[in-house]
Amino acid sequence: PLSEQAIVDALAQRKRVFVDVTADWCVTCKANKYNVLLRDEVQSALTAPDVVALRGDWSRPSDAISAFLRQRGAAAVPFNQIYGPGLPEGEILSPLLDKADLLDVLHQAGLVRADVTHF
């Protein structure tokens, strides 16, 4: 289940996090699910050992999910965001998901950015 603590915990374990906030009544959410999220390549990426997938269901009003979305400047679903060692602040994806973009951002999230020392 989706929570701020679940994101913090996963990042502390150096995992990548895929956040999916959806609703049964959301047509774009259904399109994302069938056109992108259920594709074999995406399912394989999202079930990798270092990926934590969190889902928020906004099918019925939820103050917690509303607050989660507001904190990220969002007011509607679908809402998807990816975090990881390479993206500790998270990157919000387009409401209409694109398989290549999702996989690219998920890859970027796993990259550890080296500290650069200037001499």
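What you see is a predicted model; the values in this text were computed from it and never measured.
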Under the 3.5 angstrom rule, does the side chain of T47 hit a backbone N or O of Q43 as a donor-acceptor pair?
-> yes
Value rounded to 0.5 Å, distance of CD in Q108 from CD in E91 | 6.0 Å
Kindly give the heavy-atom pair with the smallest separation between R16 and P85, and that separation in Å.
-> CG-CD, 4.4 Å
For residues N32 and L97, report the shortest heavy-atom separation together with the two atoms involved.
-> OD1-N, 2.9 Å
Modelled atom types, side-chain donor and acceptor of Q13 and D9, under 3.5 Å = no
Which residues share a salt bridge (Lys or Arg N to Asp or Glu O under 4.0 Å) with R14, sequence neighbours left out | none
Would you say L111 and V17 are hydrophobically clustered, going by side-chain heavy atoms of ILVMFWY under 4.5 Å?
-> no
Heavy atoms only: give me the nearest L46-V51 pair and the separation to one decimal.
-> O-CG1, 3.4 Å
Would you say W25 and I65 are hydrophobically clustered, going by side-chain heavy atoms of ILVMFWY under 4.5 Å?
-> yes
Step-by-step side chain to side chain contact (heavy atoms under 4.5 Å, CB included) determination, L103 to E41 | CA-CA 9 Å; L103 292 172; E41 191 176 359; 3.4 Å; yes
Exercise: identify the closest heavy-atom pair between A109 and Y83 | CB-O, 3.5 Å
Distance from Y34 atom OH to R39 atom CZ, nearest 0.5 Å?
-> 12.0 Å
With rounding to the nearest 0.5 Å, note down the distance linking CG in N80 to SG in C29.
-> 8.0 Å
Any chain of hydrophobic side-chain contacts (each under 4.5 Å) joining L102 to F79?
-> no
Work out which heavy atom in V52 is nearest to a heavy atom in A10; give both atom names and the distance.
-> CG2-CB, 3.9 Å
Are V105 and L37 in one and the same hydrophobic cluster, where Ile, Leu, Val, Met, Phe, Trp and Tyr link if side-chain heavy atoms are under 4.5 Å apart?
-> yes
Donor-acceptor contact present, side-chain N35 to main-chain A31, <3.5 Å = yes
Sidechain-backbone polar pair: K15 side chain, I7 backbone, donor-acceptor under 3.5 Å = no
Do the numbers put R72 on top of the ring of F68, so that NZ or CZ is under 6.0 Å from the six-membered ring centre and no more than 45° off the axis?
-> yes
Establish, from distance only, whether the side-chain atoms of D57 and S59 form a donor-acceptor pair under 3.5 Å.
-> yes
Would you find a donor on one side and an acceptor on the other, under 3.5 Å apart, between the side chain of K30 and the backbone of D24?
-> yes
Residues two or more places apart in sequence or in another chain: which of them pass side chain to side chain donor-acceptor pair (under 3.5 Å) with T28?
-> none
Kindly work out whether a path of hydrophobic side-chain contacts (I/L/V/M/F/W/Y, heavy atoms less than 4.5 Å apart) joins W58 to I92.
-> yes
Quick one: closest heavy-atom pair of L106 and A45, and the distance?
-> CD2-CB, 3.7 Å
Quick one: pull up NZ in K99 and CG in D40 and give me the separation to the nearest 0.5 Å.
-> 9.0 Å
